[in-house]
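One structure below.
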2 protein chains.
Amino acid sequence: MTKPVQQRTLKTRAKLIAAAEVLIAKEGYTALRVEDVVQKAGVAKGTFFAHFRDKDALMDRLIGAHIDRILDDWEKAPAPKTIPEVVAIMSPLLTFLTSERYVFDVVMRYSGATLIEDIGPIAMTIGRFDELMCGWMEVGEYRADVSPQLLSEGVQAFFFQAMALHFCALHSDIALTDRLQSYLSAWLIVKTESPSASCT
Amino acid sequence: MTKPVQQRTLKTRAKLIAAAEVLIAKEGYTALRVEDVVQKAGVAKGTFFAHFRDKDALMDRLIGAHIDRILDDWEKAPAPKTIPEVVAIMSPLLTFLTSERYVFDVVMRYSGATLIEDIGPIAMTIGRFDELMCGWMEVGEYRADVSPQLLSEGVQAFFFQAMALHFCALHSDIALTDRLQSYLSAWLIVKTESPSASCT
DNA sequence: ATTAGTTATTGACCGAGGTCAATTTCTGTA
DNA sequence: TACAGAAATTGACCTCGGTCAATAACTAAT
């Protein structure tokens with residue numbers, strides 16, 4: 001109860017993470033192999049799995065940490081007021097999530113936690129994303145007929161849709177940010193404009 | 001050129017698919033192992049990979065076929081005119097895609113083809129989905145300020161978002177169809193209604 | 001019918017993620 | 001300091017998807 005975790009535990013975990021980060025910096029997430037990580041960290045294979053449930057748990061942590069760093073910038077910057085500004089601020093995250101198909105897949109799979117107990121790093125970042133978005137929705141001049149919460153969920157949906165189509169051969173010709181912008185323009189209908197030809 | 005494919009090829013492939021279908025009916029997609037398929041089909045392991053690039057290629061085909069059967073019903077039925085009707089007709093597909101997390105993941109991964117050459121069965125069904133949706137968008141009384149194509153892409157985005165949150169511990173309390181309905185109500189703003197409190 | 005060339009099948013083998021009983025290291029207590 | 005119990009580490013072993021050189025089966029041409 002007093003000291004359930006030993007010093008060497010932290011040290012070993014740090015070694016594993018450091019080794020993984022070096023390897024990823026060199027070869028990317030897709031190419032990472034557990035064998036290489038433990039070899040570089042100088043520990044046995046079993047040790048890895050004493051620290052991480054599986055390979056994906058490490059990925060969850062590393063990718064989550066990367067996303068967190070990007071979201072830190074979102075928080076530091078002034079809230080975007082227009083749709084182009086929203087897209088612009090989102091751009092670094094789009095770039096990271098589409099840098100490797102594998103990264104996108106991991107984020108998709110871990111963006112929602114299955115059990116409440118194990119809300120992992122990536123799932124946490126989705127929470128941050130959502131919170132930030134809700135804030136932006138309130139300060140910008142967007143439609144007011146639906147709640148900021150729903151607006152935020154929609155932005156998330158289009159955010160992922162834009163990336164999914166980016167990976168698709170039939171649609172990858174259109175720039176990711178352009179597509180997202182046209183989605184958001186349609187979703188977050190700007191307040192001051194009156195609907196063009198709908199009220200007959 | 002005349003007969004590039006032999007009879008036994010078709011027979012072997014049919015045996016493999018039949019074996020897989022039996023196993024899946026019994027244990028589900030998640031539990032399917034290639035070893036079991038080849039054993040039940042009475043062929044060697046290598047044969048499997050002479051017929052399918054990898055395990056996922058078989059899954060693509062089987063899951064794609066299942067989705068196709070569901071979409072056949074969509075096509076047979078009269079086009080839904082209201083949002084509740086749209087959700088109702090979509091319900092069987094939602095049920096199938098959320099029956100196993102693994103199925104959802106496979107569909108996500110294969111819904112967009114990486115190369116134009118290998119548009120697989122699942123990617124084809126997304127095309128059908130899109131086409132059907134475009135048709136429905138035109139006959140229903142939905143917003144006219146954006147193209148049916150964009151409307152359809154949005155429906156797709158919300159369709160997947162609803163399922164993703166369904167798998168998420170934080171959000172799985174709300175029924176899948178209810179969530180989708182509230183998404184679509186906000187996205188496909190019905191024409192006849194005038195926007196409530198937006199034009200100040 | 002024989003044969004040459006093509007296509008399909010085989011199964012031993014590999015790679016990489018993941019497990020676990022045995023062992024070592026650590027910590028608090030007498 | 002000695003020792004008992006807990007925690008961390010080890011590496012042989014397992015599973016399962018996937019490969020490939022060798023072999024068998026098929027086809028068409030002479």
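Proteins get letters first, then strands, A, B, ... in listed order; numbering begins at 1 in each. Keep in mind that what you see is a predicted model, and the values were worked out from it rather than measured.
- Distance from the side chain of B:Thr12 is smallest to C:dT9 among C:dT10, C:dT9, C:dA8.
- A search for side-chain contact (heavy atoms from CB on, under 4.5 Å) contacts involving B:Ala157 returns A:Ala157, A:Phe158, A:Gln161, not counting sequence neighbours.
- As a whole-Å value, the separation of B:Lys15 NZ from C:dA8 C1' is 12 Å.
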Protein-nucleic acid N or O pairs under 3.5 Å, nucleotides 17-21 of chain C:
unit_1, atom_1, unit_2, atom_2, d
C:dG17, OP1, A:Lys55, NZ, 3.2
C:dG17, OP2, A:Val34, N, 3.0
C:dG17, N7, A:Lys45, NZ, 2.8
C:dG18, OP2, A:Lys55, N, 2.7
C:dG18, O6, A:Lys45, NZ, 3.3

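- Checked against side-chain contact (heavy atoms from CB on, under 4.5 Å), B:Glu27 has the following partners two or more places apart in sequence or in another chain: B:Ala31.
- One can place CD of A:Gln39 at 15 Å from C1' of C:dG15, the figure rounded to the nearest angstrom.
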All N/O contacts under 3.5 Å from nucleotides 24-26 of chain C to the protein, with atom names and distances to one decimal?
unit_1, atom_1, unit_2, atom_2, d
C:dT25, O2, A:Arg8, NH2, 3.4

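- Although no hydrogens or angles enter the test, the distance criterion places a donor-acceptor pair under 3.5 Å between the side chain of A:Trp74 and the main chain of A:Ile89.
- Between B:Leu10 atom CG and D:dC26 atom P there is a gap of 14 Å when expressed in whole angstrom units.
- For B:His51 and C:dA8, the shortest distance from a side-chain N or O to OP1 or OP2 is not below 4.0 Å.
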What pairs of donor and acceptor atoms, side-chain ones from residues 56-66 of chain A against any protein atom, are under 3.5 angstrom apart with sequence neighbours left out?
unit_1, atom_1, unit_2, atom_2, d
A:Asp56, OD2, A:Tyr110, OH, 3.3
A:Asp60, OD1, A:Ile122, N, 3.0

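- B:Ala19 is linked by a side-chain contact (heavy atoms from CB on, under 4.5 Å) to B:Val37, B:Lys40, B:Ala41, counting only residues two or more places apart in sequence or in another chain.
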Show me the donor-acceptor pairs within less than 3.5 Å that the side chains of residues 91-100 of chain A make with the rest of the protein, sequence neighbours left out.
unit_1, atom_1, unit_2, atom_2, d
A:Thr95, OG1, A:Ser91, O, 3.0
A:Thr98, OG1, A:Leu94, O, 2.7
A:Thr98, OG1, A:Thr95, O, 3.4
A:Ser99, OG, A:Phe96, O, 2.7
A:Glu100, OE1, A:Tyr29, N, 3.1
A:Glu100, OE1, A:Thr30, N, 2.7
A:Glu100, OE1, A:Thr30, OG1, 2.3
A:Glu100, OE2, A:Tyr29, N, 3.0

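- Every residue two or more places apart in sequence or in another chain was checked for a side-chain contact (heavy atoms from CB on, under 4.5 Å) with A:Ser172, and none qualifies.
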Please output the side-chain donor-acceptor pairs of residues 127-135 of chain B that fall under 3.5 Å, not counting sequence neighbours, one pair per line with the distance.
unit_1, atom_1, unit_2, atom_2, d
B:Arg128, NH1, B:Asp68, O, 3.3
B:Arg128, NH1, B:Asp68, OD1, 2.6
B:Arg128, NH1, B:Asp72, OD1, 3.3
B:Arg128, NH2, B:Asp72, OD1, 3.0
B:Arg128, NH2, B:Glu75, OE1, 2.9
B:Arg128, NH2, B:Glu75, OE2, 3.3
B:Asp130, OD1, B:Ser152, OG, 2.5
B:Asp130, OD2, B:Gln149, NE2, 3.3

